[in-house]
Amino acid sequence: MKNTEYLRTLILMDIKDHTADKPIYSYQLEEKYHVSGVVIRDAIHHMRTTENIPICSGSKGYFYPRDKAEVQRTINHLRSRAKRNREAAEGIERYYQRSSGQLELL
């Protein structure tokens, strides 16, 4: 859809104007484009995965990298989050398996 492509272009232009020292927060993009955080995250996910654009992020927001070290920090952070999410999913699965398929709320 053309609207989503255009929105991604605008978001990327904004991100390219920001560095690791002064990132742009998701809420700023949400307010500027009148969309939800989900829409912003989906757009960034698409740009990172389909278009292979090196959009970096940290605890304070999104930014465009100035060097390979900033990219590597983002890659390490994303991999760490993925590992922690996988561990959480496995913990829930173990609980479910121990309870013989019955969901027992505590």
Side-chain angles (χ1 to χ4, degrees):
M1 173 167 41
K2 286 192 188 270
N3 285 342
T4 56
E5 289 174 28
Y6 183 63
L7 178 62
R8 284 194 303 265
T9 300
L10 294 174
I11 291 169
L12 182 58
M13 287 175 17
D14 281 331
I15 290 172
K16 282 186 172 185
D17 286 339
H18 290 82
T19 63
D21 299 331
K22 190 153 172 68
I24 187 166
Y25 293 90
S26 180
Y27 80 85
Q28 292 172 301
L29 295 168
E30 294 167 34
E31 289 176 0
K32 183 173 183 176
Y33 298 111
H34 306 287
V35 296
S36 70
V38 172
V39 171
I40 299 297
R41 288 188 301 277
D42 285 348
I44 290 169
H45 179 76
H46 176 86
M47 288 187 279
R48 284 172 164 171
T49 60
T50 303
E51 300 174 35
N52 302 314
I53 298 172
I55 295 171
C56 290
S57 57
S59 61
K60 296 188 178 192
Y62 298 105
F63 60 95
Y64 206 76
R66 291 177 291 184
D67 57 41
K68 194 172 183 176
E70 290 179 345
V71 173
Q72 193 60 53
R73 279 193 294 278
T74 294
I75 290 168
N76 293 345
H77 176 73
L78 291 170
R79 287 189 172 142
S80 174
R81 286 181 57 204
K83 179 181 180 238
R84 291 181 55 82
N85 284 333
R86 187 182 64 251
E87 290 169 348
E90 290 168 355
I92 293 169
E93 284 177 332
R94 284 191 299 275
Y95 174 86
Y96 186 71
Q97 290 165 351
R98 278 197 308 262
S99 64
S100 303
Q102 300 295 319
L103 183 57
E104 299 172 18
L105 298 178
L106 301 175

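All values below come from the heavy atoms of this structure, side chains included, with hydrogens, waters and symmetry mates left out.
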ask   = When clusters are formed by joining ILVMFWY residues with side-chain heavy atoms under 4.5 Å apart, either directly or through shared neighbours, do Val35 and Val38 land in the same one?
value = no
task = List the atom of Phe63, the atom of Glu70, and the distance in Å for their closest heavy-atom pair.
result = CE1-OE1, 3.9 Å
Interatomic spacing from CD in Glu5 to CG in Leu7 - rounded to 0.5 Å = 11.0 Å
query = Does atom NE2 of His45 have more than 12 heavy-atom neighbours, drawn from other residues, nucleotides or ligands, at distances under 6.0 Å?
reply = no
query = What are the two closest non-hydrogen atoms of Cys56 and Val71, and how far apart are they?
reply = SG-CA, 3.8 Å
request  = Nearest 0.5 Å please: distance from the OH atom of Tyr25 over to the OG atom of Ser59.
outcome  = 8.0 Å
ask   = Is the closest side-chain heavy-atom distance between Tyr27 and Ile40 below 4.5 Å?
value = no
inquiry  = Please enumerate all residues that pass side chain to side chain contact (heavy atoms under 4.5 Å, CB included) together with His46, with sequence neighbours excluded.
reply    = Arg8, Thr50, Glu51
request  = Measure the CG-CD distance between Asp67 and Gln72 for me, rounded to the nearest 0.5 Å.
outcome  = 11.0 Å
key: Residue that, paired with Tyr62, satisfies side-chain contact (heavy atoms from CB on, under 4.5 Å) out of Ile15, Asp14, Leu12   = Ile15
key: salt bridge (charged side-chain N to carboxylate O under 4.0 Å, His left out) partners for Asp42, two or more places apart   = none
key: Note, Asp21 side chain near Arg66 side chain (heavy atom, < 4.5 Å)   = yes
query = Between Ser26 and Gly37, which heavy-atom pair has the shortest distance, and what is it?
reply = OG-CA, 4.4 Å
request  = Locate the shortest heavy-atom distance separating Ile55 from Thr74; write the atom from each residue and the value.
outcome  = O-CG2, 4.1 Å
inquiry  = So, using salt bridge (charged side-chain N to carboxylate O under 4.0 Å, His left out) as the criterion, who are the partners of Lys83 when residues are at least two apart?
reply    = Glu87
